[in-house]
Amino acid sequence: MGMDFYARVRHILESIPSGRVATYGQIAELAGAPKRSRHVAKVLKSAGQALPWHRVLGAGGKIRTQPPDQQAQLLRLEGVLVSGERVSLKQFGWTISPLAFAD
DNA sequence: CCGATGACTCACG
DNA sequence: CCGTGAGCCATCG
């Protein structure tokens, strides 16, 4: 058997490039469990700074961490434009072939 | 086993 | 755009 969901999520998170963002739902889908976006959030919460947690946003590109300031700042440091608590997925959304994590 | 929980998401008003 | 409610599902006590 292969990696479990949590290991897959960590692996995927590590490949999000600086200056790009992904959503909880997108990560869950890539990890093969589209209904588990809440669990992706759980991984991020417990992983601390070991993972690029700031590059993950809620649906539509909204910052969900509370307070949102720190995440917004980290994103800006890598060139991501944050308007209010929003990031345009159109411009900064990470896109990758699902086949890249097909195993 | 049961109920509560959560960095979620979507539909609806 | 902002709730609200329902659906979701592993984890915890």
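Every chain is numbered from 1, with letters handed out A, B, ... down the list of sequences. Owing to the predicted nature of the structure, the values given are computational and were not obtained by experimental measurement.
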Once side chain to side chain contact (heavy atoms under 4.5 Å, CB included) is applied, do any residues pair with A:Arg76, and if so which ones, sequence neighbours excluded? A:Ala72, A:Val82
Return yes if some donor-acceptor pair links the side-chain N/O of A:Gln26 with the main-chain N/O of A:Gly93 below 3.5 Å, else return no. no
If I take atom CZ in residue A:Arg36 and atom P in nucleotide B:dA7, what distance separates them, rounded to the nearest angstrom? 16 Å
To the nearest angstrom, the CD-P distance between A:Glu85 and B:dC8 comes to 13 Å
Nucleotide B:dT5, atom C1' - distance to CD of A:Gln66 in whole Å: 18 Å
Main-chain N/O of A:Val43 paired with A:Arg10 side-chain donor or acceptor, under 3.5 Å: no
More than 12 heavy atoms of other groups within 6.0 Å of A:Gln49 CD: no
Nucleic acid contacts of residues 45-60 of chain A, taken as heavy-atom distances under 4.0 Å to DNA chain B: A:Lys45, A:Trp53, A:Gly58, A:Ala59
Begin with the C-alpha distance, continue with both residues' side-chain angles, and end with the deciding distance and a verdict on side chain to side chain contact (heavy atoms under 4.5 Å, CB included) for A:Ser37 and A:Glu29. CA-CA 8 Å; A:Ser37 52; A:Glu29 280 183 34; over 6 Å; no
Comparing A:Lys42 and A:Ser37 on DNA chain B - which has the more 5′ nearest nucleotide: A:Lys42
Inter-residue atom distance A:Arg8.CZ - A:Leu30.CG, 0.5 Å rounding: 9.0 Å
Main-chain N/O of A:Gly60 paired to A:Arg86 side chain as donor or acceptor, under 3.5 Å: yes
Chain A reaches DNA chain C, atoms under 4.0 Å from its heavy atoms, from C:dG7 to C:dT11
With P as the reference atom in both, quote the distance from C:dG13 to B:dA7 in angstrom, rounded to an integer. 16 Å
Phosphate OP1/OP2 of B:dT5 contacted by A:Arg38 side-chain N/O (<4.0 Å): no
Write down the atom of A:Arg55, the atom of A:Gln71, and the distance for their closest heavy-atom approach. N-NE2, 4.4 Å
